[in-house]
Amino acid sequence: MANQLKAEPKRIAVLTRAGLGDAVYVIPALRVLRRHYPKAHITAITGERGYPLLLRCPYIDHLALRHLGNGIRGKLQEIIRLRRGCFDLAVILDTSDEKTLHTFLAGIRYRAGGVKRRFGRLLTHPFCLPEDAHQINDLCRGVVAALGCDVSDWQLELFPQTEAHMRMLEKLHDTGWCGQRPLVGINPGASAPNKRWFPDRFAQVIDALINGGAEVVLLGAQSDREQVDSILKAVRFTPRVLAGQLDLDELIFCLKTLDVLISGDTGPSHLAGAVGTSVVAIFGPSRAEHYAPQGAPHVVIDRSHLCAPTCSFWTCRGDNRACMRDISPEQVLSVLHYLLCKIERTR
């Protein structure tokens with residue numbers, strides 16, 4: 001049973017993980033908190049990647065970047081900022097001993113968060129995440145539920161600028177797309193190199209799709225440029241390319257325009273799920289039950305059992321990745337066609 005607060009909080013600090021995908025699941029938690037504490041001032045403190053997604057979230061009063069500096073000095077600055085904020089409730093949407101300790105040292109009276117190892121006892125409202133639970137969505141939901149919040153209406157939602165829709169369409173039309181379907185997106189990048197599928201296999205999928213009459217648009221951030229260029233060198237049929245050309249709001253609308261997205265374990269797959277676009281999710285090092293996109297119906301190809309839990313950025317690199325090597329273009333195409341047929345039947 002949830003442990004209700006003895007007094008209604010006036011100022012709430014919500015501390016989140018740093019990633020773009022993480023921020024997708026922070027938004028429903030913020031909505032739940034706003035409904036449960038309608039008069040409270042809510043400050044969200046997040047990382048650089050999640051910051052733009054929360055920038056126009058209507059459920060918060062203030063958004064701040066987490067890192068104020070590096071090392072001990074940065075941690076002390078963070079504690080001082082939390083203390084000066086006069087918060088009476090900290091909601092830690094993470095299993096972070098560091099964040100838990102910071103909120104305790106800042107003198108915040110009530111502290112809700114996920115239990116990790118050392119400092120779980122410092123939480124007044126702890127949440128123990130089950131081993132088989134989704135490590136982001138279920139964590140966020142469980143932490144706010146520990147405060148007694150109603151989480152029955154848990155919905156993913158995003159808040160892109162409406163003007164970005166037309167900008168995205170103009171860029172997509174400039175590639176030569178005129179509304180042809182099906183439109184399949186390829187997102188080859190990932191923040192960790194060991195989570196990236198092989199460029200030559202993406203190329204084989206693209207060639208098969210275009211040869212079969214599908215429209216394909218290649219997506220990705222500027223940081224994915226090397227991966228994108230490798231794919232373009234390997235294809236026989238050139239896809240439409242928007243990699244490095246879309247801002248976050250434009251990307252959200254582009255993902256919503258797609259019929260299906262093919263992606264690894266990375267932020268855009270979670271954005272796609274949030275806007276209702278199905279994903280063919282390619283999972284090697286990370287377990288799908290922990291990190292797969294939520295929202296729309298997805299098909300996940302999970303080979304994490306071939307290397308987890310020993311696989312890491314340091315031990316699973318380059319071509320020496322049994323998990324990713326076991327996923328063939330034929331498997332990806334098979335589940336993609338399944339999803340496309342399913343979508344066609346519902347139209």
Side-chain angles (χ1 to χ4, degrees), residues 17-27 46-55 134-137 156-161 164-165 167-169 171-172 175 182-197 199 202 205-206 215-228 231 239-286 288 290-301 324 332 335-336 339:
R17 291 175 176 174
L20 176 62
D22 300 316
V24 170
Y25 306 101
V26 167
I27 291 174
T46 191
E48 290 185 1
R49 287 176 292 168
Y51 187 93
L53 197 67
L54 299 179
L55 196 56
H134 195 280
Q135 300 293 296
I136 319 173
N137 185 61
L156 302 181
E157 55 183 333
L158 305 176
F159 307 98
Q161 286 183 322
H165 187 205
R167 297 200 306 268
M168 180 279 298
L169 284 178
K171 292 180 179 181
L172 188 54
T175 68
L183 180 62
V184 178
I186 303 284
N187 183 68
S191 57
N194 60 330
K195 295 181 180 180
R196 298 172 190 160
W197 202 37
F202 272 121
V205 169
I206 290 171
E215 292 287 317
V216 179
V217 57
L218 191 54
L219 305 172
Q222 285 290 352
S223 57
D224 301 322
R225 197 67 233 186
E226 182 178 351
Q227 181 90 340
V228 169
I231 293 171
R240 311 200 184 282
V241 181
L242 286 179
Q245 300 179 38
L246 302 176
D247 62 28
L248 179 59
D249 290 344
E250 293 166 354
L251 173 62
I252 291 171
F253 280 114
C254 183
L255 293 170
K256 191 172 184 178
T257 303
L258 300 176
D259 291 295
V260 176
L261 174 70
I262 302 174
S263 177
D265 176 17
T266 187
S269 68
H270 299 283
L271 296 176
V275 298
T277 296
S278 295
V279 179
V280 175
I282 300 172
F283 274 71
S286 47
H290 286 172
Y291 300 108
Q294 307 289 287
H298 309 300
V299 176
V300 180
I301 303 174
M324 285 300 195
V332 172
V335 297
L336 173 66
L339 276 177

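Since this is a predicted model, take the numbers as computed values, not measurements. Just so you know, these numbers use all the heavy atoms, side chains as well, and skip hydrogens, waters and symmetry mates.
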Given 3.5 Å as the limit, does a donor-acceptor pair link the side chain of Ser269 with the main chain of Pro293, or not? no
Check Leu336 against Val280 and note the closest heavy-atom contact, atom names and distance. CA-CG2, 3.9 Å
Over all atoms of both residues, closest heavy-atom pair of Leu246 and Lys171: CD2-CD, 3.8 Å
Ala190 backbone acceptor or donor facing Arg196 side chain under 3.5 Å: yes
Do Leu271 and Leu248 make a side-chain contact, defined as non-hydrogen atoms from C-beta onward lying under 4.5 Å apart? yes
If we only count heavy atoms from C-beta on, is the Val26 to Thr46 side-chain gap below 4.5 Å? no
Kindly indicate, with the supporting measurements, whether the criterion side-chain contact (heavy atoms from CB on, under 4.5 Å) is fulfilled by Lys195 and Thr266. CA-CA 8 Å; Lys195 295 181 180 180; Thr266 187; over 6 Å; no
Within-4.5 Å side-chain heavy-atom neighbours: His165 and Pro160: no
Full working for side-chain contact (heavy atoms from CB on, under 4.5 Å) between Leu158 and Leu255: CA-CA 12 Å; Leu158 305 176; Leu255 293 170; over 6 Å; no
So does Trp197 get a backbone contact from the side chain of Gln227, meaning a donor-acceptor N/O pair under 3.5 Å? yes
Could you pull out the closest heavy-atom pair between Val228 and Ala243, with the gap in Å? CG2-CB, 3.8 Å
In terms of heavy-atom contacts, His270 and Tyr25 come closest through ND1-OH, 2.6 Å
Please check if the side chain of Glu250 supplies one atom and the backbone of Ala164 the other of a donor-acceptor pair under 3.5 Å. no
Keeping His298 on the side-chain end and Val279 on the backbone end, is there a donor-acceptor pair under 3.5 Å? yes
Straight-line distance of Cys254 SG to Leu219 CG, nearest 0.5 Å: 5.0 Å
Student check: side-chain heavy atoms of Phe202 and Ile262 closer than 4.5 Å: yes
Hey, what do you get for CE (Met168) to NZ (Lys256), rounding to the nearest 0.5 Å? 10.0 Å
Contact between Pro239 and Ile186 at the side-chain level, heavy atoms closer than 4.5 Å - yes or no? no
Close side-chain approach of Pro188 and Ile231, heavy atoms under 4.5 Å: yes
Taking Thr175's backbone N and O only, do any of them form a donor-acceptor pair with Arg240's side chain (distance below 3.5 Å, no angle check)? yes
Please report the closest heavy-atom contact between Leu54 and Ala23, naming both atoms and the distance. CD2-O, 4.0 Å
Spell out, as yes or no, whether a donor-acceptor pair under 3.5 Å connects the side chain of Ser278 to the backbone of Val260. no
Considering all heavy atoms of both residues, which atom of Pro182 and which atom of Asp259 are nearest to each other, and what is their separation? CA-OD2, 3.2 Å
Got Val205 and Val184 here, is their nearest side-chain heavy-atom distance under 4.5 Å? no
Report yes or no: does Glu226 contribute a side-chain atom to a donor-acceptor pair with the main-chain N or O of Asp224 at less than 3.5 Å? no
So, taking the atom named CG in Leu258 and the one named CG in Leu183, what distance separates them when rounded to the nearest 0.5 Å? 5.0 Å
May I ask you to test the Ile252-Leu53 pair for a side-chain heavy-atom distance under 4.5 Å? yes
